[in-house]
Number of protein chains: 2
Amino acid sequence: MKKGHQVTMKEIAKKLGVSVSTVSRALKDSPELHPDTKKRIVEMATSMNYQYNLLAQSLRISRSKVLGVIVPELTSHFFSSNISGIQDTAYKRGYNIMICQSNESFEQEKANLKTLVSSQVDGLLISLSRETKSYEHLQELYDREIPFIMFDRVTEEIPVSKVTVDDAHGAYLAVNHLLQQGCRKIAYFSGPTDLYISKKRKEGYLEALQEFGIPETESRVYVTDLTEEMNRKVTMEMLAEGDRPDAIFAMIDPLAIDVMIVLKENGIKIPQDIALAGFTNNPTSAVVEPSLTTISQPGYEMGQLAANHLLDQLDEIVPDDPQSFILLTTLVERNSSQKSTTA
Amino acid sequence: MKKGHQVTMKEIAKKLGVSVSTVSRALKDSPELHPDTKKRIVEMATSMNYQYNLLAQSLRISRSKVLGVIVPELTSHFFSSNISGIQDTAYKRGYNIMICQSNESFEQEKANLKTLVSSQVDGLLISLSRETKSYEHLQELYDREIPFIMFDRVTEEIPVSKVTVDDAHGAYLAVNHLLQQGCRKIAYFSGPTDLYISKKRKEGYLEALQEFGIPETESRVYVTDLTEEMNRKVTMEMLAEGDRPDAIFAMIDPLAIDVMIVLKENGIKIPQDIALAGFTNNPTSAVVEPSLTTISQPGYEMGQLAANHLLDQLDEIVPDDPQSFILLTTLVERNSSQKSTTA
DNA sequence: CTGTTAGCGCCTTCAA
DNA sequence: TTGAAGGCGCTAACAG
């Protein structure tokens, strides 16, 4: 299918017997122009259905007014909330966004970066894939002075602005809550250990335990690659052990829900036998049975903040030295952890 | 923040004392070029960290290799699945995507259309907002011969290709299933009546009833604007009536779940007192209690199909007369409707 | 095999 | 108040 012809300033100019520059000036409402000429041109443009060509402008001014976004996956509620915040913010400030998903693949992430840079995006918002363990591609981006910031899945290795939630504190809130409920043998179900959030949330987990005088014990840490299969396997392993925990803090809600399913299958009562808490506050968590206690992350706000900050940097409203924004998480108490009321 | 300087072919040419066209040819591996020259140029480009400027190419060839996507909202699982399918497909075929969300607003949808057209997207994939009841903006797009197709939320008014699921048949499957379970007084909970899917799903509902010799009765149709508030209100109204239904078919899962919550609050047993079925198969539906019987829509596949078809049209692999793709839905039987086994 | 020229659509001097 | 010229980065047609 061939795209229909788009009217250009040149054509308007020819029809009216004026120069292209005059048309250009009229269309951007320049004051140094005879009102009549302006009127004639604007009317002609409207009647010819003229549509401004942003591409040409971008080339001209070396600014595309496009932001690139790379996320691990589009279908997760958290990331789509981020994107929603980014999109709304960018739109309000006159920018479009181009989106890529790395599908949690390092190679894909590098490829995405390349096409977005090629497309001359003015800046990038990046959330790293699970596989990303080396950062040369980001370093190169940095060296080439292409503005970008990271959100949620970040690395400390590159000195750019970052937007995250307070993972450690969120985990602390969750585990502290479990402790308040009387649990003392609390397991931590972790994602891959090299993931930033796995580490941070473990910090909070350990801090809460320490505060209650419980010796740090790695023996209650279970690691999964977050596939349903392995989540199930790890949970079964835990159940097979002699000294079962009385509570589980799972690094993210989907993991918590996988754990919940396995526990229920095995006749374990939640929260009576084992209390459970997650992290993220996915919509699903509110409706599972029992409803899942979790930590709420402000996904939409993160997206807004990240986009606003990047645009502030681009527009030099704000100096471009790296800042770290840490958003607050909140505890959402639900039934999966209410020992006191349900026991 | 100023974007770092990007190396251009011109600079490479100057460094090497050749012409820009030679550089251009070398970089696209043209055969009519001395291997040595080519080698020198490619090496120089690499060492200077040259990055191709897609924007300039777009302007030159009048093709941006960008697809525009407009969806009502980004955070719904169904639409993010669509987008995921679109993105993966576009990427594979060398296209980027620009995404806008209309936030269910007609004005926003028109504005989105405008900026995407301005950005010179090669084609558009559109899913209409709930508010969209007039179609001049699409007609204009059509008249201007900008290739686009619609998916999921479509209108028959514009002769372009459409990708939808078989809504009527899906509804038929759900209601037929409820009938098989022995229910005879089946209510239909509908969204706004001017919505395409509201109508189509009602058709399937009525067809199933008819097949069982149940007189069409509008009295069991309940209409909501799909806000939680009104969903609740309508459900309460239904409960207040004398002749309660023994089953409910809700137009979409979130509505079904709102209904489920209200029923449970009122001590109604599901499915024993009232069976329940939804439509969409959101991830949430699998984990609610009782798990929700629903109709599965292939969101990712819809996105893939839509993107592939549009690109086929653009690349003239396929003639550009409008086609209608109707994807199959499947019944997902879960506990909210299993009268036979649970009664 | 390589260089020159022209132009994609737009805007910004500079000149008139 | 308006026009002409030049250029953003790249490519394609035409020379040589």
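A, B, ... follow the sequence lines: proteins, then strands. Residue 1 opens every chain.
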So the contacted stretch of DNA chain C, first to last nucleotide with an atom under 4.0 Å from a non-hydrogen atom of chain B, runs from C:dC1 to C:dG9
Rounding to 0.5 Å, atoms NZ (B:Lys162) and OH (B:Tyr196) come to a distance of 8.0 Å
First locate atom CG of A:Leu124, then atom CD1 of A:Ile126, and finally report the distance between them rounded to the nearest 0.5 Å.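 Going from CG on A:Leu124 over to CD1 on A:Ile126, the span is 5.0 Å.
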Would you tell me if any nitrogen or oxygen in the side chain of B:Lys10 comes within less than 4.0 Å of OP1 or OP2 on D:dG7? no
Over its full length, what angle do the end axes of the helix from C:dC1-D:dG16 to C:dA16-D:dT1 make, each axis taken from five pairs and the result rounded to 10 degrees?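 It comes to 50° between the two terminal axes.
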Under 3.5 Å, which donor-acceptor pairs do the side chains of residues 37-44 of chain A form with other protein atoms, sequence neighbours left out?
from: A:Thr37; atom 1: OG1; to: A:His34; atom 2: O; distance (Å): 3.2
from: A:Lys38; atom 1: NZ; to: A:Asp29; atom 2: OD1; distance (Å): 3.2
from: A:Lys38; atom 1: NZ; to: A:Ser30; atom 2: O; distance (Å): 3.0
from: A:Arg40; atom 1: NH2; to: A:Leu16; atom 2: O; distance (Å): 3.2

Distance-only side-chain donor-acceptor flag, B:Gln304 / B:His309, under 3.5 Å: no
Separation of atom [atom1] in [X] from atom [atom2] in [N], rounded to whole Å:
{"X": "A:Met9", "N": "D:dT2", "atom1": "CE", "atom2": "P", "result": "16 Å"}
{"X": "B:Arg63", "N": "D:dG9", "atom1": "CZ", "atom2": "C1'", "result": "20 Å"}
{"X": "B:Arg60", "N": "D:dT11", "atom1": "CZ", "atom2": "C1'", "result": "4 Å"}
{"X": "B:Gln57", "N": "D:dC8", "atom1": "CD", "atom2": "P", "result": "18 Å"}

Start with the C-alpha gap between B:Gln6 and B:Tyr50, add the side-chain angles, then the distance that decides, and say whether side chain to side chain contact (heavy atoms under 4.5 Å, CB included) holds. CA-CA 7 Å; B:Gln6 306 275 14; B:Tyr50 171 76; over 6 Å; no
Run the side chain to side chain contact (heavy atoms under 4.5 Å, CB included) test on B:Leu125 and B:Asn82 for me, step by step, so that the C-alpha distance in whole Å, both residues' side-chain angles and the decisive distance to 0.1 Å come before the verdict. CA-CA 10 Å; B:Leu125 298 132; B:Asn82 282 314; over 6 Å; no
Give the table of side-chain donor-acceptor pairs shorter than 3.5 Å for residues 64-73 of chain B, with sequence neighbours excluded, one pair per line with atom names and distance.
from: B:Ser64; atom 1: OG; to: B:Val66; atom 2: N; distance (Å): 3.3
from: B:Ser64; atom 1: OG; to: B:Gln120; atom 2: O; distance (Å): 2.6
from: B:Ser64; atom 1: OG; to: B:Asp122; atom 2: OD1; distance (Å): 3.4

Any carboxylate oxygen within less than 4.0 angstrom of a Lys/Arg side-chain nitrogen, looking at B:Arg153 and B:Glu104? yes
Residue B:Tyr142 excluded, over 12 heavy atoms near OH under 6.0 Å: no
Might you confirm whether atom NZ of B:Lys3 has over 12 heavy atoms from other residues, nucleotides or ligands at distances under 6.0 Å?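 Yes, because the 6.0 Å sphere around NZ of B:Lys3 holds more than 12 heavy atoms from other groups.
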Give me the residues of residues 18-28 of chain B where at least one heavy atom lies under 4.0 Å from an atom of DNA chain D, by number, or none.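 Close to the strand are B:Val20, B:Ser21, B:Ser24, B:Arg25, B:Lys28.
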Please list, in numerical order, the residues of residues 30-53 of chain A that have a heavy atom closer than 4.0 Å to any atom of DNA chain D.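 Listed by number, they are A:Glu32, A:Leu33, A:His34, A:Thr37.
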Is any side-chain heavy atom of B:Tyr91 less than 4.5 Å from a side-chain heavy atom of A:Gln108? yes
Aromatic rings A:His137 and A:Tyr135: how do their planes relate, parallel, tilted or perpendicular, breaks at 30° and 60°?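 It falls in the parallel class, under 30°.
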